[in-house]
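Please read all numbers here as calculations on a predicted model, not as lab measurements. Reminder, nothing fancy here: chain letters follow the sequence lines and each chain counts from 1.
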There are 2 protein chains.
Amino acid sequence: MSLEGHPSPEMIYEAVRKKIPSISLATVYKNVRTFLVSGMLREVSMHHGSMRVEPNESEHYHLVCTRCRQITDLDPESVPVQPLAKKRFLQGFHVTRISVDVLGVCALCAAKESSMTTKPRRRKKEC
Amino acid sequence: MSLEGHPSPEMIYEAVRKKIPSISLATVYKNVRTFLVSGMLREVSMHHGSMRVEPNESEHYHLVCTRCRQITDLDPESVPVQPLAKKRFLQGFHVTRISVDVLGVCALCAAKESSMTTKPRRRKKEC
DNA sequence: ATCGCTGCAAAACATTTGCAGTTTG
DNA sequence: CAAACTGCAAATGTTTTGCAGCGAT
């Protein structure tokens, strides 16, 4: 719960390993699933090869870079999203959460791309 | 492009196979990726074991059942989402798309669950 | 002759599962 | 002791990749 950002099970594993060196990745997966089912964690964002989670606390949305897959919290100040009307039921469907992802290209990846166009020789560091 | 709904590469493979029996799953994956990069297709929804795509045409949002993973288009009439203000840039990030998923439990899964509570013997058919 | 597309098989990941042994209450 | 939790290794499922051959230009 104390990890910053939107960690994958692998990232959680690496962090927990520092405190409990004997822990296994399978145990992390099992517990992450338990916490998702219990609602302690929620899953974040598509466009990933691996699951990303965050504590299931205040509602907020995410910026997701479709190039490097980095996820950033969307600053509520700059929010382009009007508050979503909350209906409990839609099309016979019981609504539990609304997930909003703003997809696009982060500054680093944009820089990398334009530098690729102009000077394909040198590589900028990854996002 | 003519497939209904939000098919996975596997589902596309099964469909294309009827017209081109010799096609391989790898070829479908390669072409789906090409179409995603070109913008002909877009990726849909998290909460899946497999990628789901749809033609990258009119903006609309999705209902996603977190139990059975079924994806349904959200009827714009019943839309609980106010139109999203469009900003091109946010936090140094070039916005290309806003993805909204309404997550919850579909009618069939809800029925299945309550029947499980009251009469655990009989199984309703899958969503 | 070249370039792009294909199928196949293998590889690379991400995630889950079975099981036997430990820990907890 | 019973129930829950763990590590390990194997199984699963999805997606990517290398490569050799084929086809079209």
I'd like to compare against my own output: the B/S/- annotation of nucleotides 20-25 of chain C with a strict under-4.0 Å heavy-atom distance to protein. ------

Please determine whether a side-chain nitrogen or oxygen atom of [X] lies at a distance below 4.0 Å from atom OP1 or OP2 of [N].
| X | N | value |
| --- | --- | --- |
| A:Tyr29 | C:dT15 | yes |
| A:Arg33 | C:dT16 | yes |
| B:Ser24 | C:dG7 | yes |

Short side-chain to backbone donor-acceptor contact, [X] and [Y], under 3.5 Å:
| X | Y | answer |
| --- | --- | --- |
| A:His47 | A:Arg69 | no |
| B:Ser8 | B:Arg52 | no |
| A:Arg97 | B:Leu103 | no |
| A:Gln91 | B:Asp75 | yes |

Heavy-atom closest contact ([X] atom, [Y] atom, distance):
| X | Y | value |
| --- | --- | --- |
| B:Ser45 | B:Ile71 | CB-CD1, 3.9 Å |
| A:Met51 | A:Val32 | SD-CG1, 3.9 Å |
| B:Lys87 | B:Leu90 | CD-CD2, 4.1 Å |

Taking CZ from B:Arg69 and P from C:dT15, how many angstroms apart are they, rounded to a whole number?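 Result: 10 Å.
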
In this structure, how many angstroms lie between the C1' atom of C:dT6 and the OH atom of B:Tyr13, rounded?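 Taking OH of B:Tyr13 and C1' of C:dT6, I get 13 Å after rounding.
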
Span of DNA chain D, from the first to the last nucleotide whose atoms fall under 4.0 Å of chain B heavy atoms: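 Boundary nucleotides touching chain B, in 5' to 3' order, are D:dT14 to D:dG18.
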
Mind checking if B:Ser8 touches a base, just sugar-phosphate, or nothing, with heavy atoms under 4.0 Å?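 Nothing, no heavy atom under 4.0 Å.
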
Consider only side-chain heavy atoms of I, L, V, M, F, W and Y, link residues closer than 4.5 Å, and tell whether A:Met11 and A:Val53 are in one cluster.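 No, A:Met11 does not connect to A:Val53 through the hydrophobic network.
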
Using heavy atoms to find the nearest nucleotide of DNA chain C for A:Lys30 and A:Glu10 separately, return the residue whose nucleotide is more 5′.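 So the residue in question is A:Glu10.
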
A:His6 and A:His60 aromatic ring geometry - parallel, tilted or perpendicular at 30°/60° bounds: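 The arrangement is tilted - the two ring planes meet at 30° to 60°.
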
Most 5' of A:Asn31 and B:Arg52 on DNA chain D, judged by nearest nucleotide: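 Looking at DNA chain D, the more 5' nearest nucleotide goes with A:Asn31.
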
